[in-house]
A.B. asks: 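After the structure tokens below, expect a handful of questions from me.
Each ligand, and each atom within it, is numbered from 1 in the order the structure gives.
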Amino acid sequence: MSNTFVIKGNGGDRNLHGTVRVTGAKNAALKVIAATVLFRDTLNLTNIPEINDTLRMFDLLKDMGADVTNNKRGSYNVFVPNQFATELSPGIAKRMRASIVLTGPVLARYGEVSFPHPGGCVIGARPLDLFVSGFEKMGAKVTIKEDSYIVEAKKGLVGAEFFLKNQSVTVTETFLMAAVLAKGTTVIKNAAMEPEIADLAAFLNKCGAKISGAGTPIITIKGGKLLSGKGHPYKTMPDRIEAGSFLVLGALAARELHITNCNPAHLESPIEILRSAGVFIETKKNEIIVRAPSHLKPVDIKTHEYPGFPTDLQAPMTVLLTQADGESTVFETIFEGRLNYTESLSAMGASITMMDPHRALVRGKTELKGRKLTSPDLRAGLAFVIAAIVAKGESVIHNVDTTIDRGYEDVENRLREIGVNIERAKMVPESVA
Ligand code: EPZ
């Protein structure tokens, strides 16, 4: 599959219309795929997004000895046997930060796990100190060799009390899952509250776990035996970041756009902010309707842990602010390298001043012009697609497969259905600057 998008911009017209359906959430599916290690029998997973990251997570499991069958699009059966390798393949794990969530379940079930420092996108240093201290708190011994971690708890993990210095999503999920098989009770304080965490806990409880408080800052887990998936197929919740990305696109360029199969309750902060920028938004149970206004008002955004404004929507929202009449500030509080992509937006004609690695000042409205771009990471890549759609002229976006394809399923076809002129290019036009 080609690695490049060619997009003909609509030059600021508000002509997109129709319906775009949201797929299953990448950041929910990845964790439930890892949770299959906690089960003594086969688990059926449905509405799994067909994206590079989920396929990679399945490859990791298969490489370690799991039996994974793909029944039909988005539906998988997974069985993890008692005989299972405990090393995460560096070739796969290094390319996907989310592989870290597998370490908790593997360590809890098999008493050891080894893994490389996971790679992932360029958005920040992304240390592992909370994982290391968490493993040690649960009675494990951690050995760090060059770039790999060996964690051992031959007698099994014991319940512990944590206070997380950062409300880390994957730290919360990893120790929530490890605690399901630990001896005794674990309490995670200052836990992350993202909806994917409550979704994971609710599903594991259906299958025999004893987790309370997920979705709040204090989660309590009573350890016990392996879980059973019998009679409990898992259906992946809708992807709120994907829905939010389409919402921003609609706020910029839609005559009227219907975003279906989503949960508006998970998008209260972006909806509130877009409404304050003058965007018409109507919500229904599983649908959001958006119309772009003729003029956008400037707004200040500050990313925050859930239910605050999601850092994963910061880049798409920053594109919108380049088209607002006036000055807006963007304060990225979660990751220290997540504003670097703004240089490319400035090259398209945006007026963005970096005040420090976490803050940028956006002056609008400025006309964006199509150009050649290289997608640096998943969310900035999608922001480049949005910028190219509202720009004048043609854009070429490279590096699609290692970024955008990691998190958005078949995005070019779904965008084309609502009126976007986008191709996954075989040949790259020389004419684009
Ligand atoms: C999850 O990453 C998501 N990834 C990210 O989405 C998302 O941006 C992030 O949460 C925040 O919402 C997945 O769920 C797979 P964190 P995660 O640990 O868990 C610091 C996307 O685009 N920290 O919550 O890795 C860390 O440096 C991705 O889909 C430590 O200091 O993020 C950061 O500043 C990108 N020590 C803060 O916590 C640690 O040991 C929050 O990051 C771990 C994290």
A.B. asks: Looking at D53 and R97, does any basic side-chain N land under 4.0 Å from a carboxylate oxygen?
C.D. replies: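 No, this pair does not count.
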A.B. asks: Rounded to the nearest 0.5 Å, what separation is found between the CG atom of D63 and the OG atom of S89?
C.D. replies: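 One finds 5.0 Å between CG of D63 and OG of S89.
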A.B. asks: Mark up the atoms of ligand 1 that fall under 4.0 Å of a heavy atom belonging to K26, in ascending order.
C.D. replies: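 With K26 as reference, the close atoms of ligand 1 come out as 21 (C), 29 (O).
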A.B. asks: Pairs of nitrogen or oxygen atoms closer than 3.5 Å, one from I334 and one from ligand 1: do any exist?
C.D. replies: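 The answer is yes, given that I334 and ligand 1 share an N or O pair closer than 3.5 Å.
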A.B. asks: Please could you name the atoms of ligand 1 that L378 approaches to less than 4.0 Å, counting only its heavy atoms?
C.D. replies: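 Per the distance check, 22 (O), 29 (O).
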A.B. asks: Which atoms from ligand 1 have a heavy atom of L130 less than 4.0 Å away?
C.D. replies: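 Reading through ligand 1 atom by atom, the close ones are 36 (N), 39 (C), 40 (O).
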A.B. asks: Considering only distance and modelled atom types, tabulate donor-acceptor pairs under 3.5 Å from the side chains of residues 349-363, sequence neighbours left out.
C.D. replies:
| unit_1 | atom_1 | unit_2 | atom_2 | d |
| --- | --- | --- | --- | --- |
| T353 | OG1 | R363 | NH1 | 3.4 |
| D356 | OD1 | H358 | N | 2.6 |
| D356 | OD1 | R359 | N | 2.9 |
| D356 | OD2 | R359 | NH1 | 2.8 |
| H358 | ND1 | E332 | O | 2.5 |
| R363 | NE | E327 | OE2 | 3.1 |

A.B. asks: Looking at R338, which atoms of ligand 1 are within less than 4.0 Å of one of its heavy atoms?
C.D. replies: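 Going through ligand 1 atom by atom, the ones under 4.0 Å from R338 are 8 (O), 22 (O), 35 (C).
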A.B. asks: Is there a heavy atom of E336 sitting under 4.0 angstrom from any atom of ligand 1?
C.D. replies: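 In this structure, E336 fails to qualify as a contact of ligand 1 - no heavy atom is under 4.0 Å.
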A.B. asks: Does ligand 1 have any atom sitting under 4.0 Å from a heavy atom of K165?
C.D. replies: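 So K165 counts as touching ligand 1.
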A.B. asks: Measuring from atom OG of S168 to atom CG of L128, what distance do you get when rounded to the nearest 0.5 angstrom?
C.D. replies: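 Result: 9.5 Å between the selected atoms.
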A.B. asks: What about S168: any of its N or O atoms under 3.5 Å from an N or O on ligand 1?
C.D. replies: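 Looking only at distances, the answer is yes, because the N/O contact criterion of under 3.5 Å is met.
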A.B. asks: Closer than 4.0 angstrom: is that true for some heavy atom of M96 and an atom of ligand 1?
C.D. replies: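 Per 4.0 Å heavy-atom rule, M96 does not contact ligand 1.
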A.B. asks: Do K26 and E242 sit within salt-bridge range, that is, some charged N less than 4.0 Å from a carboxylate O?
C.D. replies: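 A salt bridge is absent here (no side-chain N lies under 4.0 Å from a carboxylate O).
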A.B. asks: What atoms of ligand 1 come closer than 4.0 angstrom to any heavy atom of P127?
C.D. replies: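 Listed by number with element: 27 (O), 30 (C), 31 (O), 36 (N), 39 (C), 40 (O), 43 (C).
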A.B. asks: Taking salt bridge (Lys or Arg N to Asp or Glu O under 4.0 Å) as the definition, give me every residue that meets it alongside K206, ordered by chain and number, with sequence neighbours left out.
C.D. replies: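 Result, salt bridge (Lys or Arg N to Asp or Glu O under 4.0 Å) vs K206: none returned.
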